[in-house]
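Notes to accompany the following structure.
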There are 4 protein chains.
Amino acid sequence: MPDHDDLMIGEFPFLPKQERAQQKRNALLESGQTLFISKGYEQTTAKEIAAHAGVATGTFYRYFSDKRQLLMSLLEDKLDKLLPPEPNWVSCDPVSLLSSLLEAHNKRLNELGIQRVLPELVLKDPSVAEFLGEARRKIHSRILLGLKQAEEKGLTWEDLDLETVSWAILVIVENGHGKEGQTGKRADFQEISKVICRMVFPPDVLQQLQNADETNNRNNS
Amino acid sequence: MPDHDDLMIGEFPFLPKQERAQQKRNALLESGQTLFISKGYEQTTAKEIAAHAGVATGTFYRYFSDKRQLLMSLLEDKLDKLLPPEPNWVSCDPVSLLSSLLEAHNKRLNELGIQRVLPELVLKDPSVAEFLGEARRKIHSRILLGLKQAEEKGLTWEDLDLETVSWAILVIVENGHGKEGQTGKRADFQEISKVICRMVFPPDVLQQLQNADETNNRNNS
Amino acid sequence: MPDHDDLMIGEFPFLPKQERAQQKRNALLESGQTLFISKGYEQTTAKEIAAHAGVATGTFYRYFSDKRQLLMSLLEDKLDKLLPPEPNWVSCDPVSLLSSLLEAHNKRLNELGIQRVLPELVLKDPSVAEFLGEARRKIHSRILLGLKQAEEKGLTWEDLDLETVSWAILVIVENGHGKEGQTGKRADFQEISKVICRMVFPPDVLQQLQNADETNNRNNS
Amino acid sequence: MPDHDDLMIGEFPFLPKQERAQQKRNALLESGQTLFISKGYEQTTAKEIAAHAGVATGTFYRYFSDKRQLLMSLLEDKLDKLLPPEPNWVSCDPVSLLSSLLEAHNKRLNELGIQRVLPELVLKDPSVAEFLGEARRKIHSRILLGLKQAEEKGLTWEDLDLETVSWAILVIVENGHGKEGQTGKRADFQEISKVICRMVFPPDVLQQLQNADETNNRNNS
DNA sequence: GATGAATGAGATTTCATTCAT
DNA sequence: GATGAATGAAATCTCATTCAT
């Protein structure tokens with residue numbers, strides 16, 4: 001349980017009660033996250049979480065009604081960080097834009113790690129499944145919307161099935177974080193972006209967008 | 001499990017002992033699979049599996065050292081069915097080829113269902129993780145090989161990063177089965193195939209392959 | 001866990017499964033009863049009951065879903081023994097009849113002991129309260145019925161309120177077992193019976209009944 | 001417990017400290033009583049009592065060493081109210097005297113309610129049992145004393161066993177409060193009194209006492 | 001081999017009591 | 001004195017695994 005006040009010599013190690021309680025709650029949340037990620041949800045006990053957070057078993061139940069609720073709190077806290085950002089396809093070079101978005105999203109996911117427990121929970125707890133499904137639908141419709149705007153401007157392949165492409169993008173984005181560990185090679189966001197862009201834009205449009213972007217940059221500097 | 005054979009004095013039991021034991025083992029495997037899929041691995045007890053298979057709890061432990069080993073046996077038995085087939089890109093219309101392969105693979109996955117428990121186990125049991133990683137690497141290299149052959153024949157985009165594309169295909173294939181439930185629309189294998197082909201082949205090559213295919217079919221008939 | 005078979009040398013120490021299980025169930029019931037009576041319901045833990053019955057904690061839960069259910073089983077098993085017998089006022093000397101009934105009932109209660117925990121449970125568990133109330137109503141109406149028959153024969157005090165008297169008798173009978181411990185004197189069933197009879201019969205009727213009884217006895221011998 | 005006095009600068013707090021402490025103690029006692037009666041002793045937690053009394057959990061332990069001690073204080077405070085009044089059999093109509101005494105006692109018991117938890121505690125805490133036994137003995141000897149005076153004046157049945165009758169009266173009085181709920185009819189104190197009087201006095205004596213009472217009343221008015 | 005009752009370690013959860021603030 | 005968060009012992013209950021029959 002880190003307590004920064006301890007380091008401030010000359011001050012009373014005083015925190016208003018609410019804040020201290022918040023600290024403890026957070027310590028429990030963090031410990032829960034850490035242990036869930038490293039051992040899985042079922043393999044982690046409430047006692048362990050409490051011990052890891054440096055509090056007694058009973059304290060766990062002051063802040064959370066049970067393990068499940070701690071997890072749900074974690075999910076709610078972190079949901080926005082799990083969602084990939086919404087790309088704006090038009091204004092600049094789509095490949096490098098996507099690449100940096102992917103890299104940032106990937107970094108966030110790896111820092112978070114919580115997504116690794118989710119598949120375990122989908123089977124055991126329908127409400128988690130519901131929760132995740134909702135989130136996925138949200139992301140999917142975001143991606144779909146971006147694609148639609150690009151399509152309206154005549155930038156995409158002519159016979160593009162937006163539903164399917166946006167779903168494919170979703171899947172690629174969601175699984176990007178795992179590329180390295182499972183195929184032995186570090187994720188190459190630049191290449192992934194190229195693949196995605198190729199699904200969306202014909203080569204000439206892509207070239208055009210990239211040229212416009214370069215011009216843009218030259219004018220700006 | 002009532003066994004009327006015991007009552008037929010003077011007849012040979014219809015199955016030699018070893019085979020009857022095999023039957024029990026298989027019943028347990030099937031029950032394990034069914035229950036793991038519907039309730040998750042941790043939520044399924046050895047007693048339940050035994051009861052579902054129509055044998056006594058203790059019998060479970062005659063055939064499997066524990067729950068984990070039953071699962072590993074399941075995985076080994078079914079692994080080949082989890083692997084998607086290796087596409088041969090050259091000989092026919094890639095889109096319809098892929099489409100039918102995807103559909104067949106998807107059907108197998110849904111019949112199997114076992115893949116749904118795997119994420120739960122990856123964290124709990126490193127050997128499962130190892131096992132799965134191995135399988136994925138195998139599939140990945142199959143896909144990669146197919147792509148390489150296409151590339152050597154000059155069929156693919158010029159600047160194609162084969163590693164990345166094959167990884168993207170892997171991800172799409174692996175997640176294809178879940179498309180429907182999660183985005184509200186039934187999986188459309190035709191469209192998915194088109195997307196994948198667009199990642200791999202330039203439009204003119206694709207057209208050419210499809211024409212060749214049609215010619216082929218006409219000649220054949 | 002007493003096992004009488006151990007003492008039968010030369011016999012197989014064999015009991016059919018059901019009987020053995022019954023034995024264990026009974027051992028648990030008895031242990032529950034003993035401990036509930038000596039320590040109270042709340043003060044007795046499932047673990048203790050199991051240990052006292054010579055079985056493991058888990059075995060307790062094989063036979064009873066929880067402590068409460070064991071108690072309810074006890075109550076159902078013993079309810080008929082808790083009910084006082086129905087007196088037949090007419091056929092013989094009411095005082096000695098009542099006296100022997102009271103003594104027998106009292107002996108049964110003391111052997112049983114379970115009634116001592118009931119008050120504790122009435123507050124905690126409304127279903128126990130309901131259960132007991134039902135039993136009391138049954139006894140009460142039995143007593144009332146006996147009184148009515150006596151009244152119809154013109155044997156009782158003229159202005160007798162049957163409801164009230166039967167209630168008073170119920171209360172006296174129910175509390176008879178506790179007389180000794182709480183007032184320092186052994187229960188004197190003969191005297192209690194006299195008191196009850198005085199509530200019901202005028203002295204002359206009582207005398208008459210007793211005389212008739214004596215005549216009866218003389219004729220019988 | 002909001003306390004506006006703290007805000008009135010320059011005024012003496014309305015209550016000296018000790019008295020305010022007394023108030024808290026009393027609030028705790030009352031809350032304990034209320035909750036014990038409605039939920040039972042074991043089912044009531046110290047935290048609940050404190051919350052109900054409007055003080056912090058810790059404050060509970062400033063005034064009482066533990067839950068048990070709060071209960072004992074309750075008992076000591078209320079014991080005199082639990083004791084039924086001592087009847088004076090001679091000076092007036094015993095039936096109506098008893099009737100009004102019974103009614104008053106019954107009302108007190110119902111207001112108090114604490115007697116309902118006692119059975120739960122007798123088994124758990126021998127000192128409570130001791131305490132209650134002492135109280136019962138006290139009441140019993142009071143009743144016995146009254147009967148003896150009546151006997152000395154030759155008012156009672158000739159062969160009356162005073163011990164037994166006084167015990168029977170005690171039991172009836174103690175259980176009177178529960179008559180209604182358990183037999184479906186409201187307690188009828190007049191009838192109960194008649195029953196008790198019939199146990200004690202022969203009809204002619206009773207008549208005589210009632211006549212004397214009427215004469216008394218006529219003379220007084 | 002088969003059975004399923006028995007085991008007991010371990011997870012979840014509660015609550016009387018303490019103690020830093 | 002008052003507070004209420006924290007404690008941790010203890011109760012309830014589950015289930016993988018064993019073993020007598």
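All figures in this text were calculated on a predicted structure; none of them were measured in a lab. Each chain gets a letter, A, B and so on, in the order its sequence line appears, and its residues count up from 1.
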N or O in side chain of [X] less than 4.0 angstrom from [N] OP1/OP2:
{"X": "C/Lys67", "N": "F/dA11", "result": "no"}
{"X": "B/Tyr63", "N": "E/dA2", "result": "yes"}
{"X": "C/Thr57", "N": "E/dG8", "result": "no"}
{"X": "B/Lys47", "N": "E/dG4", "result": "no"}
{"X": "C/Thr45", "N": "F/dA11", "result": "no"}

Separation of [X] atom [atom1] from [N] atom [atom2], in whole Å?
{"X": "C/Ile49", "N": "F/dT12", "atom1": "CD1", "atom2": "C1'", "answer": "12 Å"}
{"X": "C/Gln43", "N": "F/dA10", "atom1": "CD", "atom2": "P", "answer": "15 Å"}
{"X": "D/Asp66", "N": "E/dT18", "atom1": "CG", "atom2": "C1'", "answer": "14 Å"}
{"X": "C/Arg68", "N": "F/dA11", "atom1": "CZ", "atom2": "C1'", "answer": "18 Å"}
{"X": "D/Leu70", "N": "E/dT17", "atom1": "CG", "atom2": "C1'", "answer": "15 Å"}

Item checked: 5' precedence on DNA chain F between A/Ala56 and B/Ser65 (nearest-nucleotide basis) -> A/Ala56

State which of [options] makes the closest approach to the side chain of [X].
{"X": "B/Thr59", "options": "E/dT12, E/dT7, E/dT3", "value": "E/dT3"}
{"X": "B/Lys24", "options": "F/dT17, E/dG8, E/dA2", "value": "E/dA2"}
{"X": "C/Tyr61", "options": "F/dT12, E/dA2, F/dA6", "value": "F/dT12"}

Next item on the list: Rounded to the nearest 0.5 Å, what's the gap from NE2 on D/His52 to CD1 on D/Ile49? Could you check?
Entry: 10.0 Å

Checklist line | Complement of F/dA20, any strand, by Watson-Crick or G-U distances under 3.5 angstrom | finding: E/dT3

Checklist line | Identified pairing partner of E/dT14, criterion: Watson-Crick or G-U wobble below 3.5 Å | finding: F/dA9

Check: Is there side-chain contact between A/Phe131 and A/Glu76, with heavy atoms separated by less than 4.5 Å?
Finding: yes

